[in-house]
Amino acid sequence: MTSLDDPMAELRAALAAAAAELRGSPAGVELRLDRPPRPEFGDFSTNAPLQLAAGLDAQPRAVADRLGELLGRVLGPDLDRAEVAGPGFLNLFLSDRFWRSSLATVIAAGERFGAGAAATPGTERILVEFVSANPTGPITVAAARHAAYGDSLCRILAFAGHAVEREYYVNDTGAQIRRFAESLAARARGEEPPEDGYRGTYVAELAAGIPGAADLPLDALTARGVQLMLAGVAATLERFRVSFDRFFFERSLHSEGAIRRTLALLDERGHVYASEGATWLRTSALGDDKDRVLRRSSGELTYFAADVAYHEEKLRRGPDRAIDVLGADHHGYVARMKAAWVALGGEPDRLELLIMQLVNLTEGGRRVQMSKREGEFVTLDELIDDIGVDAARWFLLQRSHDTTLDLDLALAREQSPDNPVYYVQYAHARIAAIRRRAGEQRIAAAGAADLVAGETSLHPSERALVRRLLDFPSEVATCATRRAPHRLTAYALELAQGFSAFYRDCRVVGAGEEGGDEAFRLVLSGACQATLARALDLLGVEAPESM
RNA sequence: GCCCCCGUAGCUCAGCGGAUAAGAGCGAGGGACUUCUAAUCCCUAGGUCGCAGGUUCGAAUCCUGCCGGGGGCGCCA
């Protein structure tokens, strides 16, 4: 997106131009345009005078005065007035001409509105690994949160202009897998799984789906079981609108000697030593609180060793950045992986390890129990059957990834305005209804109209709605850089609220007779609908035409 | 023993790379419109931003300590 597609970027540029005139080159200072809490403080406020005053050795309020004048010259009729406030803030009141031409800019940008926001800091090739749940059982609600988060993050990063690769790491070897296979074998023979095995009923069902399972060698049964389980997992994720570019199998690291090569490489670089019969990686030299075992005294490789090799492989593929979305139980693992990454020659900042917090399901305030041990856990399939994909994704995305999330099934099921996802979808559907009512002719006429030339004074609800629309590009950029899809749920809700208020105050179809501007309102509704649809798409939630 | 997350209105939570005067939804109370989808909107009440220090012209936001809640780790995967 160029600044020509983003009215706020143009406004910021105008501010920078005025500041530059005051001071030459405003290098090193961040000139911010904030949204004041109340309309009396204007449409936007800036701390620029405070920032500039220090370098100019002048009173901030005097600087604010002069900046206001300069800005008036740069913005011309777009600026209604500028007021100095507090210690040296400048409150800006934009004119209807600004709102009108801004809407025209948004419409001209079309599909590009809000896209490519990452261009300024630079686009990157980003490898995102998420879910990576062991193929020993169905996707749980905790993993569902990973799926929703990782997928939405990828959508946002891609929309912001990055090249994103989505990857699922499959732990298809090791002790857990062995227990899984043994449980399958037991079920196939009609026996109970071993004490430390997997006891869920799905194991028996899976075993029943493997011809001759009771007589297969354990290796073959393992391969078949993992394959079937993973197919089920992928199908569930597909249903949840989550897809991957690549499933990476841990087994391939063993069979192709990648782990051995990685260990040799680390040894060459002097990061490895032997002690107590085990082989260790000296992670403590790189920020970890102790060294970590790569090969146990028994000769067995650790899970960590495989993961180091996996990251060596990632590093060799040459992405600008790798993001690992990990479970809460992996937080102790962050320091050692980061150390390994650096030992492998990676730049520390190019590996991001994001820790997801847990999900609690509640039902009207009561906690719903989830116990994987007993095989009585809520699966993603069950969650989708209960509340639907849209509600599930929305509620799982609503909170920051690093905070514990309570999902109220009763609320998520509800089809009422109390339920935010329905509220937002309803606003979208309602706009669709208005446009159907208007008909193609009026919409075409509105599209051809000169919005800026409109004479009528805008209703406050119209201005407020345009302003919320203009927030979209920077909101997307923030969501991308802070890896924070949850902010988009808040934005979508605010935009929907803005539309609902506008809808109440302003007749759209046939507005001309009541003093409003039908063309402007049709175009505004359309832009609002498109932006709601885009925000929902980035969250992986559908935007219905009718409800 | 070590580590992570959280503590903001009655409830659920945004905000937390500092900045004028703290936000939303639900719940509570009051009201509007009788429509282009009432699956709506507006107003009111309600907060020592866990506590105590510190940095700063300025802290819910950054730092330190403490208290309370949740969770994790310690050649498991």
Side-chain angles (χ1 to χ4, degrees), chain A residues 30 32 34 36-38 40-42 45-47 50-51 54 60 84-91 134 136 171 173-179 250 275-281 289-298 300-307 327-335 355-358 360 362 365 398-406 408 411 414-420 422-423 425-427 429-438 461 478 481-482 484 486-487 489-491 493-494 497 499-511 521-522 525 546-547:
Chain A
E30 196 203 351
R32 299 173 35 155
D34 292 315
R38 298 229 293 263
E40 302 93 274
F41 307 145
S45 89
T46 176
N47 67 344
L50 286 169
Q51 296 283 353
V84 179
F89 290 88
L90 195 61
N91 291 339
N134 287 0
T136 54
N171 292 122
T173 177
Q176 297 294 346
I177 290 293
R178 198 175 59 244
R179 284 189 198 115
E250 181 189 355
S275 175
E276 302 166 57
T279 306
W280 301 70
L281 183 64
D289 53 3
K290 54 180 269 195
D291 294 339
R292 305 292 168 175
V293 173
L294 293 166
R295 188 187 294 278
R296 300 189 194 107
S297 48
S298 66
E300 230 181 328
L301 289 163
T302 60
Y303 169 91
F304 179 56
D307 225 19
D329 55 341
H330 280 69
H331 88 261
Y333 167 94
V334 169
I355 300 298
M356 303 288 298
Q357 290 298 318
L358 302 176
N360 299 316
T362 64
Q398 213 173 2
R399 306 282 173 243
S400 172
H401 69 90
D402 60 8
T403 190
T404 309
L405 181 146
D406 289 316
D408 185 346
L411 177 63
E414 215 171 292
Q415 310 215 352
S416 80
D418 292 351
N419 183 344
Y422 280 94
Y423 181 89
Q425 289 182 314
Y426 184 72
R430 180 179 254 171
I431 298 172
I434 291 173
R435 292 170 66 81
R436 279 194 298 272
R437 166 71 58 130
S461 296
T478 305
T481 56
R482 290 165 56 168
H486 75 280
R487 297 177 60 102
T489 64
Y491 175 80
L493 192 58
E494 279 178 20
Q497 282 167 346
F499 175 77
S500 296
F502 159 78
Y503 173 83
R504 175 190 42 112
D505 293 333
C506 304
R507 177 86 200 174
V508 177
V509 181
R521 288 178 181 176
L522 269 175
S525 300
S546 67
M547 290 174 76

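We name chains A, B, ... by the order of the sequence lines, and we start the count at 1 in each one. Model, not experiment: these values are computed from the prediction.
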- Message: Using the rule given for side-chain contact (heavy atoms from CB on, under 4.5 Å), can you reason through A:L522 versus A:V508, listing the C-alpha separation, both sets of side-chain angles and the distance that settles it, and then say yes or no?
- Response: CA-CA 6 Å; A:L522 269 175; A:V508 177; 3.9 Å; yes
- Ignoring hydrogens and geometry, is there a side-chain-to-backbone donor-acceptor pair from A:H401 to A:A484 under 3.5 Å? no
Between OH of A:Y423 and C1' of B:A24 the distance, given in whole Å, is 11 Å
Item to complete: For A:T173, report the nucleic acid contact type (base, sugar-phosphate, nothing); a contact means any heavy atom under 4.0 Å.
Response: sugar-phosphate
Note: for A:I177 and A:F89 on RNA chain B, the residue whose nearest nucleotide lies more 5' is A:F89
Suppose you measure atom P in B:A24 against the same atom in B:G47; what distance do you get, rounded to whole Å?
15 Å
| request: Look at all strands and tell whether A:S546 reaches a base, only sugar-phosphate, or nothing, counting heavy atoms closer than 4.0 Å. | output: base
| Roughly how far apart, to the nearest Å, are B:A60 and B:C66 at atom P? | 23 Å
Of all heavy-atom pairs linking A:S461 and A:A501, the shortest is OG-O, 4.0 Å
Rounded to whole Å, the CZ-P distance (A:R487 to B:G15) equals 6 Å
Ranking A:Q497 and A:T46 by the position along RNA chain B of their nearest nucleotide, the one closer to 5' is A:T46
Between A:F499 and A:S525, the two heavy atoms sitting closest are CE1-OG, 4.0 Å
| If the P atom of B:C26 is compared with that of B:C42, how far apart are they to the nearest Å? | 10 Å
Nearest heavy-atom approach of A:V509 to A:R507 is O-NE, 3.0 Å
Rounded to whole Å, CD of A:Q398 lies from C1' of B:G15 at a distance of 15 Å
Using a heavy-atom cut-off of 4.0 Å across all strands, would you classify A:A438 as base, sugar-phosphate, or nothing? nothing
A:D406 atom CG is separated from B:C26 atom P, nearest whole Å, by 19 Å
For RNA chain B, the expected dot-bracket line (Watson-Crick or G-U under 3.5 Å, [ ] crossing, | inter-strand) is (((((((..((((.........)))).(((((.......))))).....(((((.......))))))))))))....
- request: Give a yes or no answer on whether the side chain of A:N419 reaches the backbone of A:E414 with a donor-acceptor pair at less than 3.5 Å.
  value: yes
**Asked** Using the P atom in both, what is the distance from B:C51 to B:U61, to the nearest Å?
**Response** 11 Å
Correct closest heavy-atom pair for A:P420 and A:L493 would be CB-CD1, 4.0 Å
Here the distance between atom C1' of B:G74 and atom CG of A:D329, to the nearest Å, is 14 Å
| request: Taking the side chain as every heavy atom from C-beta outward, state whether A:N47 and A:F89 have any atom pair closer than 4.5 Å. | output: yes
Testing B:A77, B:C2, B:C36 for proximity to the side chain of A:D289, the answer is B:C2
Would you indicate what A:N91 reaches in the nucleic acid, counting non-hydrogen atoms under 4.0 angstrom: base, sugar-phosphate, or nothing?
base
- Message: Can you tell me whether the side chain of A:E276 and the base of B:C75 have a donor-acceptor pair closer than 3.5 Å?
- Response: yes
Q) Hey, does A:H330 reach any base, or is it just sugar-phosphate, or nothing, if we go heavy atoms under 4.0 Å? A) base
Between CG of A:N47 and C1' of B:C57 the distance, given in whole Å, is 14 Å
- [ ] For B:A77 and B:C73, measure between their P atoms and round to the nearest Å.
- [x] 13 Å
A:Y503 on top of B:C36's base, within under 5.5 Å and under 30°?
yes
message: At less than 4.0 Å, is any side-chain N or O atom of A:R482 found next to OP1 or OP2 of B:A14? Yes or no.
response: no
A:E250 and A:A306 have their tightest heavy-atom pair at OE2-CB, 3.4 Å
What pairs of nitrogen or oxygen atoms, one from the protein and one from nucleotides 4-11 of chain B, lie under 3.5 Å apart?
{"residue": "B:C5", "atom": "O3'", "partner": "A:D402", "partner atom": "O", "Å": "3.2"}
{"residue": "B:C5", "atom": "O2'", "partner": "A:D402", "partner atom": "O", "Å": "2.8"}

Practice problem: Let me see the working for A:R487 and A:R482 under side-chain contact (heavy atoms from CB on, under 4.5 Å), right down to the final yes or no. | Solution: CA-CA 10 Å; A:R487 297 177 60 102; A:R482 290 165 56 168; 3.6 Å; yes
**Rounded C1' spacing from B:A22 to B:U8 in Å** = 9 Å
* To do: For A:L90 and A:V84, run side-chain contact (heavy atoms from CB on, under 4.5 Å): C-alpha distance rounded to whole Å, both residues' side-chain angles, the deciding distance at 0.1 Å, then the answer.
  => CA-CA 5 Å; A:L90 195 61; A:V84 179; 4.1 Å; yes
task = Report which part of the nucleic acid A:A433 touches: base, sugar-phosphate, or nothing (heavy-atom distance under 4.0 Å, all strands).
result = base
If we take the C1' atom in both B:G27 and B:C13, what is their distance in whole Å? 14 Å
### Message
Under 4.0 Å, counting only non-hydrogen atoms across every strand here, what does A:S45 touch: a base, just sugar-phosphate, or nothing?
### Response
base
So do the side chains of A:V334 and A:H330 get within less than 4.5 Å of each other, counting heavy atoms only?
no
Here the distance between atom P of B:C75 and atom CZ of A:R292, to the nearest Å, is 9 Å
Select base, sugar-phosphate, or nothing to describe what A:R296 touches, counting heavy atoms under 4.0 Å on all strands. base
In whole angstroms, the gap separating P of B:U12 from CG of A:L493 amounts to 19 Å
